[in-house]
Trainee: 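Dropping a structure here in structure tokens format, bear with me for questions.
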Amino acid sequence: MIDPRILRDEPDRVRAAQAKRGLSVEVVDRALAADTARRTAIATFEAKRAEQKALGAKIPRAAPEEKQQLLAQTKTLAAEVKDAEAARVAAEEEWSEILKTIPNLAADEAPAGGEDDYTVIEHIGTPRDFAAEGFEPRDHVEIGQLLGAIDIERGAKVSGSRFYFLTGVGAQLEFALVNLALDQARAAGFTQVIAPALVRPRAMEGTGFLGQAADDVYRIEGEDLYLVGTSEVAMAAYHSDEILDAATLPRRYAAFSPCFRKEAGSHGKDTRGIIRVHWFDKVEMFVYTTIEESYAEHQRLLAWEKEFLDKLELAYRVIDTAAGDLGLSAIRKFDCEAWIPTQGRYRELTSTSNCTDFQARRLDIRVREEGQTKAIATLNGTLTAIPRAIVAILETHQQADGSVRVPEALRPYLGGLEELKPV
RNA sequence: GGAGGCGUCGCCUAGUCCGGUCUAUGGCGCCCGCCUGCUAAGCGGGUUUGGGGCUACAACCCCAUCGAGGGUUCAAAUCCCUCCGCCUCCGCCA
């Protein structure tokens, strides 16, 4: 939720952000009207309530004959208080409903527009020229089969489309990637976390995934639980209802968890392979820091993502996501997209968002600094999402005979293995 | 899954049976001041969070807040109901 004070004092900033995201500007006026109505309702209720309290305090001390009169008086007042309270609650609910539909502001630096309006910040590495090397690259499905690493057919048999088994070196590769990621994170001062993949509605709602993204979320039938689409959800809710001491910031967590996504509305997209799946494992960086520090921290998260991709020796580019593609919570988002040889294009491997105080407000997380409590910022960034990392590695480092060269940094995590060979 | 116990403003704690004097007790910690070669001790004061009013986003005033939400009542930390969490025991189980 955005800062109500910004809405009240600088509505034009909110209007500008809405426009930049390609969303309704009119909602700002509705929110402002609801805010006024809410404050009026609060003032009315509080005045009545104060009156009731003052009268009520006299009753125990009143003389018997006076008491009867007071009781009668306060009884009608009680009814008025009840009505005023109902009106207050209704006004507050309406205000909060409208406010919740307003996404976070968009950073000035974020490009305006939709999905295709991103700007490319930089290219790192050069895509391999397979034509020059004289062979046609195989896609990850084919290599995965040759190596006995990915079993998509049986994934579909057992669980349906967009499911897979990682087997043999595929399974080893997952643990190697996870450990490489966790080691890097620990070296950078992150606390390693294994996070629950099932969360209560509060956590889902608080991170902004029950809004327009709700279609993509699995709910457990008969239980008030959701399967997370990212451990960001659990890690944001981790400190909900807490006030963190400023001296303990930044708090950096690297969380491993499975992730589940319905992929509703992506029928026909990426139907082959494991680029887009209903379940995958991921190591996610999650940071709590001050709003002022959040911008620099965002850059650091991006740097850690790049460091990891560099270790995998991939060619990739970094894009600055357009405002319309930021999602509900972020004010700015960088995606790292790796070159996928058989697709001839860059595909998102990791992504980092600065959510400033948007999620923290919904989850009641604050910071105490010099006796003051203030809003805190949350940020997240992928260190590694397993299937896409595997896709990029297999396709990028494949050799003519179907084997795959293991990037140097990954070798220690695979028992020194330098090459994955067809089985 | 079954039975029982518990949840108070950072931590501990009084209060809940018998509703109003609870503007929630006391201790610890912390902050400010006094005292003081320094430190400690001592003494005095302060110390939940959110919101509204008024404003300099100060001070001040007000409302809510005793796990959460409902209810009873003129009045709820206190009585009733539902939910959540923690603990103990039993059963089952990786």
Side-chain angles (χ1 to χ4, degrees), chain A residues 1-11 13-14 31-100 194 196-206 220 222-226 234 237-249 251 258 290-292 357-376:
Chain A
M1 163 164 115
I2 61 165
D3 186 346
R5 182 166 290 159
I6 290 180
L7 178 75
R8 199 182 303 164
D9 297 342
E10 305 167 80
R13 261 181 82 189
V14 185
L32 284 170
D35 187 34
T36 306
R38 159 182 160 269
R39 283 148 69 199
T40 307
I42 287 172
T44 306
F45 161 74
E46 287 185 354
K48 282 282 175 215
R49 177 69 178 144
E51 201 184 328
Q52 183 192 31
K53 280 178 73 171
L55 213 54
K58 288 184 191 164
I59 288 175
R61 288 189 295 265
E65 65 277 11
E66 197 188 356
K67 204 166 197 167
Q68 285 313 309
Q69 203 214 322
L70 280 173
L71 280 175
Q73 211 183 100
T74 194
K75 195 157 188 168
T76 59
L77 192 53
E80 289 174 32
V81 168
K82 201 165 184 174
D83 289 346
E85 178 161 29
R88 191 208 71 193
V89 168
E92 285 184 332
E93 263 168 21
E94 182 173 357
W95 170 76
S96 131
E97 282 310 306
I98 295 171
L99 212 62
K100 273 186 194 160
I194 313 286
L198 284 164
V199 299
R200 305 167 87 184
R202 171 96 194 282
M204 227 14 139
E205 158 96 76
I220 303 295
E223 303 268 330
D224 233 358
L225 288 170
Y226 293 91
Y238 187 65
H239 285 302
S240 52
D241 298 321
E242 293 182 32
I243 300 174
L244 305 178
D245 191 325
T248 68
L249 301 182
R251 296 219 190 182
T290 58
I291 292 176
E292 302 79 66
D357 53 340
F358 189 85
Q359 295 177 330
R361 268 179 207 286
R362 294 175 156 220
L363 291 164
D364 286 315
I365 310 166
R366 296 176 292 276
V367 56
R368 194 189 316 277
E369 194 168 27
E370 287 161 9
Q372 300 268 338
T373 59
K374 350 183 275 186
I376 202 170

Trainee: Take atom C1' in B:G27 and the same atom in B:U82, then report the distance between them in whole Å.
Mentor: 36 Å
Trainee: Describe the nucleic acid contact of A:L77 in one word from base, sugar-phosphate, nothing, applying a heavy-atom distance below 4.0 Å.
Mentor: nothing
Trainee: List the atom of A:S240, the atom of A:I365, and the distance in Å for their closest heavy-atom pair.
Mentor: CA-CG1, 3.6 Å
Trainee: With A:T248, which residues qualify under side chain to side chain donor-acceptor pair (under 3.5 Å), at least two apart?
Mentor: A:R251
Trainee: If I pick the P atom on B:G53 and the same atom on B:A58, what distance separates them, to the nearest angstrom?
Mentor: 13 Å
Trainee: Report yes if at least one side-chain N or O of A:R38 is closer than 4.0 Å to OP1 or OP2 of B:G52; otherwise report no.
Mentor: yes
Trainee: Rounded off to whole Å, could you give me the CG-to-C1' distance for the A:D364 and B:U65 pair?
Mentor: 13 Å
Trainee: Select base, sugar-phosphate, or nothing to describe what A:R5 touches, counting heavy atoms under 4.0 Å on all strands.
Mentor: base
Trainee: When the distance from CG of A:D241 to C1' of B:G10 is rounded to whole Å, what number comes out?
Mentor: 16 Å
Trainee: Rounded to the nearest Å, what distance is computed from the CD atom of residue A:Q372 to the P atom of nucleotide B:G50?
Mentor: 10 Å
Trainee: Write down the partner of B:C89 under the Watson-Crick or G-U wobble criteria, each distance required to be under 3.5 Å.
Mentor: B:G2
Trainee: For B:A64, what is the paired nucleotide under Watson-Crick or G-U wobble rules, both distances under 3.5 Å?
Mentor: B:U49
Trainee: What is the base-pairing partner of B:U55, counting Watson-Crick and G-U wobble geometry with both distances under 3.5 Å?
Mentor: none
Trainee: Taking CG from A:D35 and C1' from B:G51, how many angstroms apart are they, rounded to a whole number?
Mentor: 12 Å
Trainee: Does atom CD of A:E94 have more than 12 heavy-atom neighbours from other groups under 6.0 Å away?
Mentor: no
Trainee: Which atoms form the tightest heavy-atom contact between A:V367 and A:L249, and what is the distance?
Mentor: CG2-CD1, 3.5 Å
Trainee: Rounded to whole angstrom, note down the P distance from B:G45 over to B:C28.
Mentor: 14 Å
Trainee: Would you indicate whether A:E292, at its atom CD, is surrounded by more than 12 heavy atoms from other residues, nucleotides or ligands within a distance under 6.0 Å?
Mentor: yes
Trainee: Could you tell me how far apart A:R39 (CZ) and B:U55 (P) are, to the nearest whole angstrom?
Mentor: 13 Å
Trainee: Students often get this wrong, so: under 4.0 angstrom with heavy atoms, is A:R361 touching a base, only sugar-phosphate, or nothing?
Mentor: nothing
Trainee: Which value, in whole Å, describes the distance between the C1' atoms of nucleotides B:A76 and B:G70?
Mentor: 13 Å
Trainee: Give the rounded distance in Å between these two atoms: CZ of A:R88 and P of B:C63.
Mentor: 13 Å
Trainee: Sticking with atom C1', work out how far B:C66 lies from B:G50, rounded to a whole angstrom.
Mentor: 15 Å
Trainee: What pairs of nitrogen or oxygen atoms, one from the protein and one from nucleotides 69-75 of chain B, lie under 3.5 Å apart?
Mentor:
from  : atom 1 : to    : atom 2 : distance (Å)
B:C74 : OP1    : A:K75 : NZ     : 3.0
B:C74 : O2'    : A:T74 : OG1    : 3.0

Trainee: Within the structure, does a side-chain N or O atom of A:K53 lie under 4.0 Å from either OP1 or OP2 of B:C62?
Mentor: no
Trainee: If you only use heavy atoms from C-beta on, which nucleotide in B:G52, B:C62, B:C57 is closest to the side chain of A:R8?
Mentor: B:G52
Trainee: Nearest to the A:R366 side chain among B:G50, B:G52, B:C63, which nucleotide is it?
Mentor: B:G50
Trainee: Could you tell me how far apart A:E51 (CD) and B:C62 (C1') are, to the nearest whole angstrom?
Mentor: 14 Å
Trainee: Just checking A:R368: base, sugar-phosphate only, or nothing, at a heavy-atom cut-off of under 4.0 Å?
Mentor: sugar-phosphate
Trainee: Without placing hydrogens or testing angles, list every side-chain donor-acceptor pair under 3.5 Å for residues 39-53 of chain A, not counting sequence neighbours.
Mentor:
from  : atom 1 : to    : atom 2 : distance (Å)
A:R39 : NH1    : A:D35 : OD2    : 3.3
A:T40 : OG1    : A:T36 : O      : 2.9
A:T44 : OG1    : A:T40 : O      : 2.9
A:K48 : NZ     : A:E80 : OE1    : 2.8
A:R49 : NH1    : A:Q52 : OE1    : 2.7

Trainee: Is there a side-chain contact between A:F358 and A:I2, using heavy atoms and a 4.5 Å cut-off?
Mentor: yes
Trainee: So, A:R13 and A:D3, do they make that salt bridge, N to O below 4.0 Å?
Mentor: no
Trainee: Rounded to whole angstroms, how far apart are CG on A:L99 and C1' on B:G51?
Mentor: 14 Å
Trainee: Who is the Watson-Crick or G-U wobble partner of B:G37, with both distances under 3.5 Å?
Mentor: none
Trainee: Assuming nearest nucleotide by heavy-atom distance, tell me which of A:F45 and A:R200 is located more 5' along RNA chain B.
Mentor: A:F45
Trainee: Expressed in whole Å, how much space separates the C1' atoms belonging to B:A77 and B:U25?
Mentor: 13 Å
Trainee: With a 4.5 Å limit on heavy-atom distance, are the side chains of A:R366 and A:L244 in contact?
Mentor: no
Trainee: Describe the nucleic acid contact of A:T373 in one word from base, sugar-phosphate, nothing, applying a heavy-atom distance below 4.0 Å.
Mentor: sugar-phosphate
Trainee: Look through every strand shown and name the nucleotide pairing with B:U16 as Watson-Crick or G-U wobble, where both distances are under 3.5 Å.
Mentor: none
Trainee: Between A:R361 and A:A375, is there a donor-acceptor pair closer than 3.5 Å when you use the side chain of the first and the backbone of the second?
Mentor: no
Trainee: What interatomic distance, in whole Å, is found between C1' of B:U78 and the corresponding atom of B:C22?
Mentor: 10 Å
Trainee: When the P atoms of B:G19 and B:C79 are considered, how many whole Å apart are they?
Mentor: 9 Å
Trainee: Who does B:C79 pair with, Watson-Crick or G-U, both distances under 3.5 Å?
Mentor: B:G71
Trainee: For the side chain of A:I243, counting heavy atoms from C-beta on, which of B:G52, B:C63, B:U49 is nearest?
Mentor: B:U49
Trainee: Classify the side chain of A:E46 and the base of B:G51 as holding, or not holding, a donor-acceptor pair under 3.5 Å.
Mentor: yes
